[in-house]
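These notes concern the structure reproduced below.
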Amino acid sequence: MGTITKALELLDHFTKARSEIGLGDFVRLTGRDKATVHRHLTELEQNGFLEQDAISRAYRLGPALLRLTAVREAAFPVRRLLRPIVTELAEDIGELAHASLLQGDMLSSVFHFDPLRHGTQVSFDAAEMLPLHATSSGLAVLAFSGAEMTDRVLGQTLPAMTDKTITDPDVLRDLLEEVRGTGISQLDSAFDTEVTSQGAPLFGLHGRVIGALSVAVPRVRATPRMMAHITPRLRAAAHAATQSLGGRYPDFIATNGPARVPSRAEQ
């Protein structure tokens, strides 16, 4: 891992619940020596990616990120293009929907919306990176990413996020093959024990997968009828989102067919 990567990786530890992090906490979170972490934090602060509270001495995300976000959105208005599609999907279904884009071998959330029609909602942290093997969004992306990426991701040690996370590479390969046949992935309690979700891939230029659109439902409402109701709407929204982003769905992806829930034995 290069010096720049080590420094930038510190930014991934910020979440909505952990918006400020002290030096000692960074050392604990990264497992690196204090002097190295402090040097990286100082460089990030000097370049505006972090700022340090004068009283607590804790670090928070800096103004440079706001500037770069504005530049990115002006040049490539992904959030502006996806916002109405994600919102319409969530309103139509009555559940939380979110779009995410590939960032290395993880997914980074771009926009999410929950119409808040029920007393029980899915807890969604927009700052949390999503693993490809344990989320429906991730499976939707991994299924269409090509052999090189699939081999790299499944060749790593796959952490179990819950006791129902699928970590067996052979089982995952079988599941990915089925996702390729339907264009829709579905997982139950694999990332959050209380959530069932469906995902559909998003494609960019030349049919290259770039992210996913997903609907997350509390398990208490995730009946077979409910999930079947979601599938065609999610598929249509993913096609619309892909087109809006200037991409195209590959011709070989099925335009209909059910999503599949892994059996308990497989999970």
Look at atom CD of E88 and say whether more than 12 heavy atoms of other residues, nucleotides or ligands are closer to it than 6.0 Å. no
Looking only at non-hydrogen atoms, find the nearest pair between P218 and T120 and report the distance. CG-O, 3.7 Å
Take Q198 and T231, measure what side-chain hydrogen bond (donor to acceptor under 3.5 Å, both in side chains) needs, and give me the verdict at the end. CA-CA 7 Å; Q198 280 189 16; T231 299; 3.0 Å; yes
Would you say that L172 contacts T167 through its side chain, given a criterion of any heavy-atom pair below 4.5 Å between the two side chains? no
For the pair L96 and Q121, evaluate side chain to side chain contact (heavy atoms under 4.5 Å, CB included) and give the outcome as yes or no after the intermediate values. CA-CA 8 Å; L96 183 142; Q121 290 112 27; over 6 Å; no
Lys NZ or Arg CZ of R79 over F111 ring: under 6.0 Å, within 45°: no
Heavy atoms, side chains only, cut-off 4.5 Å: are L81 and E73 in contact? no
So which heavy atom on V195 is nearest to which on A216, and how close? CG1-CB, 3.9 Å
Carboxylate-amine/guanidinium contact E51 R60, below 4.0 Å: yes
Indicate whether any N or O donor in one side chain lies under 3.5 Å from an N or O acceptor in the other, for T15 and E128. no
Between S56 and E20, the two heavy atoms sitting closest are OG-OE1, 4.2 Å
V86 side chain near V110 side chain, heavy-atom distance below 4.5 Å: no
Has the side chain of R117 got a donor or acceptor atom that lies under 3.5 Å from a matching backbone atom of E91? yes
Has the side chain of R235 got a donor or acceptor atom that lies under 3.5 Å from a matching backbone atom of T182? yes
Can you tell me how far CD of Q156 sits from CG of D105, rounded to the nearest 0.5 angstrom? 5.5 Å
Is there side-chain contact between V27 and R32, with heavy atoms separated by less than 4.5 Å? no
Counting heavy atoms not belonging to L116, are there more than 12 under 6.0 Å from its CG? yes
Salt bridge or not for K16 and D125, using N-O below 4.0 Å? no
Go through the steps to decide whether H13 and D25 satisfy the test side chain to side chain contact (heavy atoms under 4.5 Å, CB included), and finish with yes or no. CA-CA 10 Å; H13 291 287; D25 290 327; over 6 Å; no
Separation between CZ of R180 and CG of L139, rounded to the nearest 0.5 Å: 10.5 Å
For the CD atom on E43, are there more than 12 heavy atoms of other groups (residues, nucleotides or ligands in this structure) within a distance under 6.0 Å? yes
Are the ring centres of Y249 and F144 closer than 6.0 Å? no
Under a 3.5 Å threshold, yes or no: a donor from one side chain and an acceptor from the other, between T242 and R248? no
Under 4.5 Å between side-chain heavy atoms, hopping through other hydrophobics if needed: is there a path connecting M149 to L130? yes
Value for OG (S137) from CG (L213), rounded to nearest 0.5 Å, stands at 7.5 Å
What I'd like to find out is whether the side chain of I85 reaches to under 4.5 Å of the side chain of S244, using heavy atoms alone. yes
Do L68 and L44 land in one hydrophobic cluster if side-chain heavy atoms of ILVMFWY residues count as linked below 4.5 Å? yes
Does any part of the side chain of R18, heavy atoms only, come nearer than 4.5 Å to the side chain of L29, both counted from C-beta? yes
Sidechain N-carboxylate O distance under 4.0 Å for R173, D168: no
Show your reasoning for whether side chain to side chain contact (heavy atoms under 4.5 Å, CB included) applies to L154 and L142. CA-CA 10 Å; L154 299 187; L142 199 57; 4.1 Å; yes
Please step through side chain to side chain contact (heavy atoms under 4.5 Å, CB included) for the pair L234 and Q186, ending with a clear verdict. CA-CA 12 Å; L234 174 60; Q186 183 167 310; over 6 Å; no
Yes or no on side-chain hydrogen bond (donor to acceptor under 3.5 Å, both in side chains) for S109 and S100, after CA distance, side-chain angles and deciding distance? CA-CA 4 Å; S109 176; S100 54; over 6 Å; no
Please confirm whether the backbone N or O of S185 pairs with a side-chain atom of S136, one donor and one acceptor, at under 3.5 Å? no
Close side-chain approach of I93 to R233, heavy-atom, < 4.5 Å: yes
Hydrophobic cluster membership, F49 vs V37, 4.5 Å side-chain cutoff: yes
How long is the gap from OG1 on T165 to NE2 on H133, to the nearest 0.5 Å? 6.0 Å
Are T193 and K164 packed together at the side-chain level, in the sense that at least one heavy-atom pair is separated by less than 4.5 angstrom? no
Considering all heavy atoms of both residues, which atom of P131 and which atom of F191 are nearest to each other, and what is their separation? CD-CE1, 3.5 Å
Atom pair CG/OG of D151 and S145 - distance to nearest 0.5 Å: 11.5 Å
Do E9 and K6 sit within salt-bridge range, that is, some charged N less than 4.0 Å from a carboxylate O? no
Heavy-atom pair with the smallest gap, counting every atom of A143 and V179: CB-CG1, 3.7 Å
In terms of relative ring orientation, are F124 and H98 parallel, tilted or perpendicular, with 30° and 60° separating the classes? tilted
Does atom CD of E148 have more than 12 heavy-atom neighbours, drawn from other residues, nucleotides or ligands, at distances under 6.0 Å? no
Count the heavy atoms belonging to other residues, nucleotides or ligands that lie under 6.0 Å from CZ of R208, then report whether that count exceeds 12. no
Going from CG on L89 to CG on L82, what distance comes out if it is rounded to the nearest 0.5 angstrom? 11.5 Å
Looking at every heavy atom in both L202 and A238, which two are closest together, and how far apart are they? CD2-O, 3.6 Å
Following the transitive rule for hydrophobic clusters with a side-chain heavy-atom cut-off under 4.5 Å over Ile, Leu, Val, Met, Phe, Trp and Tyr, establish whether I21 and L65 coincide in one cluster. yes
Linked, directly or transitively: L158 and L176 (ILVMFWY side chains, under 4.5 Å): yes
Check whether the side chains of T162 and S189 place a donor and an acceptor atom closer than 3.5 Å, and report yes or no. no
